[in-house]
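Presented below is the structure to which this report refers.
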There are 2 protein chains.
Amino acid sequence: MSTTKLAVVPPSRISDETLRNFLGYQLKRSFNVIQADLAKTLKPFDLRMLTFTALVFIVDNPGMSQSQLADAMDIERPNLVVIIDELEQRELIVRDRVKTDRRMYALKATLAGKRLCKKAVAADKAHEARLLAGIDKETRKNLMSTLEVLSSHLQNRNEDLT
Amino acid sequence: MSTTKLAVVPPSRISDETLRNFLGYQLKRSFNVIQADLAKTLKPFDLRMLTFTALVFIVDNPGMSQSQLADAMDIERPNLVVIIDELEQRELIVRDRVKTDRRMYALKATLAGKRLCKKAVAADKAHEARLLAGIDKETRKNLMSTLEVLSSHLQNRNEDLT
DNA sequence: CCAAATAGTTACATAACATAACTATTTGTG
DNA sequence: CACAAATAGTTATGTTATGTAACTATTTGG
């Protein structure tokens, strides 16, 4: 049997047995699917995952600062600037100067921002419900609590290091 | 009490209660931490997450094609080209033309590629062990199997749609 | 025989992310 | 009280990941 005959791997025999043991790999596989579907879900609202997350944080925490939001979103402060710029330009949020500390802004959602947020959150809920259809309620619950444990553990580790 | 006094949110009161219910949010939080640490872990090998994943797949599946690898990695084929170019240029892999189908290559790891892969896999294992230290064995096992269920479910859904 | 499909590529655009360096302002210490 | 250090936000820039259009070369199927 010549080696060229075996040169091509049949599709069914592609193995990810090494990678499958890595948490990062499993997270990325799942996250890829969810992220792609979320991009489609948010597109009608002219939102992306980062602008959506920022808006939700601001709606839930009126008066938070840009530094706090960057921390909460786990992104660098310079990268937040364009996100806030975009939400402000669309009149979904406002940057209010803080009288007691003129370096900082208090971020607040406008009425339009709150409304858009509500709709986008509902759409996101539906998108996740669709993706998880076929997984029973008990398993979903276990999934969410397991991920909560994981992300809390990792966040705590991160904070200890800084 | 004037509104300016309440303008600033105390750090301890930032709430992510809306976002915390989203699977995508939880996955992203965890994935952010793992990805940042993995970038540091792979840097001494001059690898990134994508080049590492590609190399592992090729080592485990000698002879696989670029199309198969793109599918396995869930990326678009044009984006695989620079990844394969880089691994080839470093002489970690080779692109062998397939005699029976001159459109395609059979990708194979070189000895140097296999060696680097082995070291990088060990380093990745250690990085994940470090990140998960403090989580007991039973919880880790549950975590991995839960994520396996999730990513299999989502991959199956994706394949059904295409 | 040839249209359709496939494998791989080039070119390009967008978005996410990291870092250096800056201005304006506040804080803390000697 | 003066001022160095720290903080909040910003500009500029580079790197990486990702998506899409259009292309060439080759194979497939009717």
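Model, not experiment: these values are computed from the prediction. Residue numbers begin at 1 in each chain, while the letters A, B, ... track the order of the sequences.
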*Is a side-chain donor or acceptor of A:Q66 paired with a backbone partner of A:R77 at a separation under 3.5 angstrom?*
no
*Side-chain (B:N61) to main-chain (A:S15) donor-acceptor, under 3.5 angstrom*: yes
Find the distance [X]:[atom1] to [N]:[atom2] and express it as a whole number of Å.
| X | N | atom1 | atom2 | result |
| --- | --- | --- | --- | --- |
| B:D85 | D:dA17 | CG | C1' | 16 Å |
| B:R95 | C:dG8 | CZ | P | 9 Å |
| B:K40 | C:dT19 | NZ | P | 9 Å |
| B:M49 | D:dT15 | CE | C1' | 17 Å |
| B:I83 | C:dG8 | CD1 | P | 14 Å |
| A:E76 | D:dT15 | CD | P | 17 Å |
| B:L80 | D:dT20 | CG | P | 17 Å |
| A:F31 | D:dA17 | CZ | C1' | 12 Å |

*Select from B:N79 and B:S65 the residue whose nearest nucleotide in DNA chain C is closer to the 5' end of that strand.*
B:S65
*Hey, which of these two, A:L50 or A:D101, hits DNA chain C nearer its 5' end, going by closest nucleotide?*
A:L50
Is [X] close enough to [N] that one of its side-chain N or O atoms is under 4.0 Å from OP1 or OP2 there?
| X | N | answer |
| --- | --- | --- |
| B:R97 | D:dA25 | no |
| B:Y105 | D:dA25 | no |
| B:R102 | D:dT24 | no |
| B:R48 | D:dA17 | yes |
| B:K28 | C:dC17 | yes |
| A:Q66 | D:dT10 | yes |

*Do A:R20's NZ or CZ and the ring of A:Y25 fall within the cation-pi criteria of under 6.0 Å and 45°?*
no
_Earlier contact from the 5' end, DNA chain D, for B:V82 and A:S67_ = A:S67
*From the options C:dG8, D:dG19, C:dA11, select the nucleotide whose nearest atom is closest to the side chain of B:P78.*
C:dA11
*Given the rule that I, L, V, M, F, W and Y join up when any side-chain heavy atoms are under 4.5 Å apart, are B:Y105 and B:V81 in one cluster?*
no
_Is it true that, when you exclude B:R115 itself, more than 12 heavy atoms of the residues, nucleotides or ligands shown sit nearer than 6.0 Å to its CZ?_
no
_Donor/acceptor link under 3.5 angstrom from B:R103 side chain onto base of C:dT6_ = yes
